Enquirer: 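Let me give you the structure first, and then I'll get to my questions.
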Amino acid sequence: MSEHPISRFAETRMVTLQQHIMEQQKYHPTATGEFSWLLSGVTQATKIIAAKVRRAGLVDILGDAGHENVQGEEVQKLDLFANEILMKCLAYRGNVGILASEENENPIVLHDTGAAGRYIVLFDPLDGSSNIDVNMPVGTIFSVLERQNTGFGPRDSLTDILQPGIRQRAAGYVIYGSSTVFVYTTGQGVHLFTLDPASGTFLLHKEGLEMPPAGKIYSVNEANFPDFEPPVQNFLKKIKSSKEPAFTSRYVGALVADFHRTLLKGGIFLYPRTAKAPQGKLRLLYECSPMAFIAEQAGGMATDGEHRILEKVPSSLHERSALFIGSRNIVEEALSYTRGERKD
Ligand code: AHM
Ligand code: MG
């Protein structure tokens with residue numbers, strides 16, 4: 001008997017990001033669909049940013065001859081462009097109450113009273129933007145929180161924002177690399193989508209992604225080594241001299257790209273405290289926390305060297321943190337140094 005053709009189609013079903021988000025609602029029985037509506041704002045914006053990033057290198061060719069520092073200007077403009085697009089795509093979704101971005105000193109409050117504007121979206125619109133002018137990957141990172149105080153009357157927006165990462169309702173990033181990839185979690189695993197440029201659709205590539213429990217890649221800005229605290233230096237010396245496994249080093253200089261590689265291949269990314277950045281360089285709320293949520297959902301780990309990233313309670317919007325993130329085994333090894341259990 002010949003196989004019914006529909007079974008062949010079912011095996012190779014194409015799932016769009018929007019469909020996937022809708023299907024995830026089954027894990028949240030009280031969901032009304034408004035959360036999917038919010039996330040579709042992020043996907044819409046990142047598609048527009050992806051298209052703009054693709055054209056960034058053409059500016060020198062197409063831009064005005066004699067215009068000074070065209071490329072430098074455009075790199076700066078791309079940051080602002082990404083910021084504006086995200087703001088525009090999210091602001092008119094009535095369920096978003098507050099938007100906060102690396103590019104804006106203060107949060108933008110869209111709904112200040114009443115039950116509207118239940119969600120807070122925090123983002124780094126164009127992470128690693130210094131990579132633009134050398135054709136290296138950049139990305140967008142986002143984190144979604146729910147407002148705690150949903151009663152009537154004015155709310156204190158900063159108190160609503162300063163929640164530990166463990167309370168994130170969703171987190172994700174988009175990497176504008178050799179292809180455009182969207183990775184997200186709502187606390188039910190980590191899912192990866194690739195943008196089909198022909199149809200402009202994000203298609204499911206990997207569901208329930210798991211970070212390898214160990215790995216051979218370490219990723220750090222080695223130029224900062226003399227500035228690291230002795231326990232971090234000792235940890236790095238140890239992994240560099242390890243024979244089993246023998247480590248190799250990779251550093252793109254864009255968190256999105258370095259984290260993405262770590263998620264897929266395992267290993268560790270670290271940005272420890274330095275003399276120049278005594279709290280660390282990366283931002284807790286819209287860089288460390290979303291990546292930590294994704295890492296943990298994929299079976300990995302994220303710490304600042306003392307505390308679990310997801311349990312840190314921020315005290316300001318742009319607070320910085322040290323970050324050690326990646327495969328469980330190796331992050332635990334780093335912790336054994338930073339906690340003073342090992343010194344060798
Ligand atoms: P940005 O958000 O302004 O681009 O800065 C954050 C970036 C991260 O993407 C990256 O991990 C880090 O800064 C690189 O810093 P450094 O150049 O000090 O190695
Ligand atoms: Mg950044």
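Residues: numbered from 1 along the sequence shown. Note that ligands are numbered from 1 as they come in the structure, with each ligand's atoms numbered from 1 the same way. Just so we're clear, the structure is a prediction, and the values are computed from it rather than from any experiment.
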Enquirer: Quick one: the OD2 of Asp124, the Mg ion (ligand 2), OD1 of Asp127 angle, rounded to 10°, please.
Expert: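 Taking the Mg ion (ligand 2) as the apex, I get 100° for this pair.
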Enquirer: Looking only at N, O or S atoms, which one in Glu287 sits nearest to the Mg ion (ligand 2)?
Expert: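 This residue's closest N, O or S atom turns out to be OE2.
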Enquirer: Output yes when a side-chain donor or acceptor of Gln233 lies under 3.5 Å from a complementary backbone atom of Phe225, and no otherwise.
Expert: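 Pair found, side chain donor or acceptor close to backbone of Phe225.
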Enquirer: Is the shortest side-chain N to carboxylate O distance from Arg118 to Glu146 below 4.0 Å?
Expert: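 A salt bridge links Arg118 with Glu146.
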Enquirer: Only one of His191, Gln297, Gln24, His20 forms a side-chain hydrogen bond (donor to acceptor under 3.5 Å, both in side chains) with Tyr184, so which one is it?
Expert: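 Only one option passes, and that is His20.
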Enquirer: Looking at the rings of Phe182 and Phe202, which for Trp means the six-membered one, are their centres under 6.0 Å apart?
Expert: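 Yes, close enough.
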Enquirer: Return the protein residues near ligand 1 (heavy atom under 4.0 Å from any of its atoms), ordered by chain and residue number.
Expert: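 The 4.0 Å shell around ligand 1 contains Glu102, Asp124, Asp127, Gly128, Ser129, Asn221, Tyr251, Gly253, Ala254, Leu255, Phe269, Tyr271, Lys281, Leu282, Glu287.
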Enquirer: Taking backbone and side chain together, does Glu102 place any N/O/S atom at a distance below 2.8 Å from the Mg ion (ligand 2)?
Expert: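 Coordinating: no.
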Enquirer: Mind checking salt bridge (Lys or Arg N to Asp or Glu O under 4.0 Å) for Glu229 and listing every partner two or more places apart, or none if nothing turns up?
Expert: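 Salt bridge (Lys or Arg N to Asp or Glu O under 4.0 Å) list for Glu229, sorted by chain: Arg273.
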Enquirer: Is there a donor in the side chain of Gln148 and an acceptor in the side chain of Gln163, or the other way round, less than 3.5 Å apart?
Expert: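 Judged by distance alone, the side chains do pair up.
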Enquirer: With no hydrogens and no angle check, do the side chains of Asp196 and Thr201 hold a donor and an acceptor under 3.5 Å apart?
Expert: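 Thr201 and Asp196 do not have a side-chain donor-acceptor pair below 3.5 Å.
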